[in-house]
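Note that these values count all heavy atoms, side chains included, but never hydrogens, waters or copies made by symmetry.
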Amino acid sequence: MNANLKTGNLMTGNWWSRWLLGGLLLLAPLSLVACAADGGSSPVGCSTASTPCLSGTATVALQTSKGEVQLQLDGAAAPLTAGNFVDLVQRGIYNGTAFHRVVREPVPFVVQGGDPTSADPKVPASQHGLGSFVDPATGIPRLIPLEIKRSDEPEPRYGEPVTAPGATRQLALAHQRGAVAMARSADPNSASAQFYVALQALPELDGRYAVFGRVSKGMEVVDQIRQGDKIVKATLVSGGKLVKGNP
């Protein structure tokens with residue numbers, strides 16, 4: 001799937017910038033599109049989601065093949081998205097997964113990884129980036145809705161990009177260098193496990209993809225990561241209180 005998205009400073013309007021943005025999309029099977037976190041057809045927030053939400057903050061350490069990276073996750077601005085990530089860390093889903101997409105040219109863009117299938121040596125590298133987290137309790141992919149929090153609103157918005165003129169300036173979490181956000185398919189409500197780190201400020205992604213934290217330590221390690229490098233192990237360092245319902 002490709003998104004017909006326009007960029008800001010990444011060579012606006014030409015094919016290369018559209019390819020860059022399209023590459024953030026998780027190339028999921030069509031059967032995964034238009035599902036929500038509770039398995040229904042409508043996006044939900046923490047109040048009704050079956051997935052856990054993060055109360056407060058969490059620090060996650062990614063031990064990569066290039067060194068350690070620490071992520072600070074924001075449960076106030078992105079409780080559902082951050083809670084999903086912490087839960088996957090605690091399940092060991094990211095251990096052994098690959099950074100399957102790294103874009104640095106012609107300008108720094110993203111380091112993307114987290115596909116659970118990339119930890120399976122039987123899955124060829126050409127197929128990395130196609131997978132979601134399949135919940136062993138249900139046997140179906142866990143998908144979460146797009147979650148965007150404006151600083152002038154008490155609760156996040158769910159299910160639709162926030163792209164109105166001026167609205168992106170009010171976002172609680174923006175795509176600054178080091179921002180951590182979820183990849184997804186063309187459907188906004190289809191993020192699962194894959195995530196990316198912004199290598200520079202990417203305002204053209206603000207309000208379109210769910211930022212849920214930032215690199216708090218080891219951005220110099222992120223700068224060294226190349227396609228095919230691995231997350232050896234992901235661990236929860238501090239925080240990480242998961243709750244059902246609103247935090």
Side-chain angles (χ1 to χ4, degrees), residues 1-2 19-20 22-33 35 51-52 58-71 73 81-105 108-144 180-187 190-199 209 212-213 215 217-237 240:
M1 300 178 188
N2 274 325
W19 179 83
L20 290 177
L24 287 177
L25 301 180
L26 165 65
L27 300 180
L30 292 176
S31 61
L32 303 188
V33 175
C35 294
T51 52
T59 301
V60 169
L62 303 180
Q63 187 61 46
T64 78
S65 48
K66 291 294 176 62
E68 184 174 287
V69 178
Q70 290 195 3
L71 312 178
L73 310 186
T81 310
N84 172 70
F85 190 85
V86 170
D87 182 57
L88 296 181
V89 167
Q90 293 181 317
R91 289 171 180 262
I93 298 302
Y94 292 118
N95 297 347
T97 58
F99 292 102
H100 62 270
R101 184 168 185 267
V102 178
V103 180
R104 301 184 184 279
E105 300 294 340
F109 189 56
V110 299
V111 169
Q112 183 174 338
D115 178 357
T117 68
S118 68
D120 185 346
K122 297 188 297 293
V123 176
S126 61
Q127 298 298 307
H128 294 173
L130 301 178
S132 300
F133 166 64
V134 177
D135 192 332
T138 63
I140 61 175
R142 177 201 284 180
L143 307 178
I144 60 172
V180 182
M182 294 299 290
R184 57 174 175 78
S185 76
D187 175 20
S190 59
S192 182
Q194 293 186 43
F195 67 96
Y196 62 91
V197 178
L199 295 177
Y209 295 85
F212 62 97
V215 174
K217 181 180 178 181
M219 193 63 197
E220 71 281 0
V221 175
V222 176
D223 288 335
Q224 297 174 31
I225 289 173
R226 297 296 182 264
Q227 191 163 311
D229 285 339
K230 299 276 190 177
I231 298 174
V232 179
K233 188 175 183 180
T235 57
L236 181 65
V237 175

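Inter-residue side-chain proximity for V197 and M219 is flagged as met; some heavy-atom pair is nearer than 4.5 Å. Within the 4.5 Å cutoff, side-chain heavy atoms of L71 are placed close to those of V215.
Sorted by first and then second residue, the pairs that involve residues 81-90 and meet side-chain hydrogen bond (donor to acceptor under 3.5 Å, both in side chains), not counting sequence neighbours, are T81-E147, N84-R142, D87-R91, D87-R142. Each salt bridge (Lys or Arg N to Asp or Glu O under 4.0 Å) pair with one or both residues in residues 132-141, not counting sequence neighbours, would appear here, but there are none.
Taking CD of E68 as the start and NZ of K233 as the end, the distance is 11.5 Å to the nearest 0.5 Å. With rounding to the nearest 0.5 Å, the separation of CG in D223 from CD1 in I225 is 9.0 Å. Distance CG/L73 to OG1/T59: 7.5 Å, rounded to 0.5 Å. Going from atom OG of S126 over to atom NE2 of H100 covers 12.0 Å, rounded to the nearest 0.5 Å. Interatomic distance, CG of L62 versus CZ of F99, reported as 6.0 Å (0.5 Å rounding). In this structure, CG on D120 lies 8.0 Å from NE2 on H128, to the nearest 0.5 angstrom.
Of the candidates V222, V221, V232, V111, T64 forms a side-chain contact (heavy atoms from CB on, under 4.5 Å) with just one, namely V221.
In this structure, Q224 has no side-chain hydrogen bond (donor to acceptor under 3.5 Å, both in side chains) partners at least two apart in sequence or on a different chain. Under the ring pair (Phe, Tyr, Trp, His ring centres under 6.0 Å) criterion, F85 pairs with Y94, F195, F212, not counting sequence neighbours. Residues forming a side-chain hydrogen bond (donor to acceptor under 3.5 Å, both in side chains) with K66 (at least two apart in sequence, or on another chain): D229. Residues that satisfy the side-chain hydrogen bond (donor to acceptor under 3.5 Å, both in side chains) test with T117, not counting sequence neighbours, are D115.
Under a 3.5 Å cut-off, the side chain of Q194 and the backbone N or O of G131 do form a donor-acceptor pair. Distance alone, capped at 3.5 Å, is enough to place a donor-acceptor pair between the S192 side chain and the F133 backbone.
Counting all heavy atoms, side chain and backbone alike, P141 lies closest to S132 at CB-CB, 4.1 Å. The minimum heavy-atom distance between V69 and G218, with the atom names listed, is CG2-O, 3.8 Å. Annotation for A61 and V237: closest pair CB-CG2, 3.6 Å, computed over non-hydrogen atoms. Residue R184 comes nearest to A186 through the heavy atom pair NH1-O, 3.5 Å, listed as atom of the first residue, atom of the second, then distance. When all heavy atoms are compared, the tightest approach of P108 to L199 is CB-CB, 3.7 Å. In plain terms, the two heavy atoms of P116 and T97 that are nearest each other are CA-CG2, 4.1 Å.
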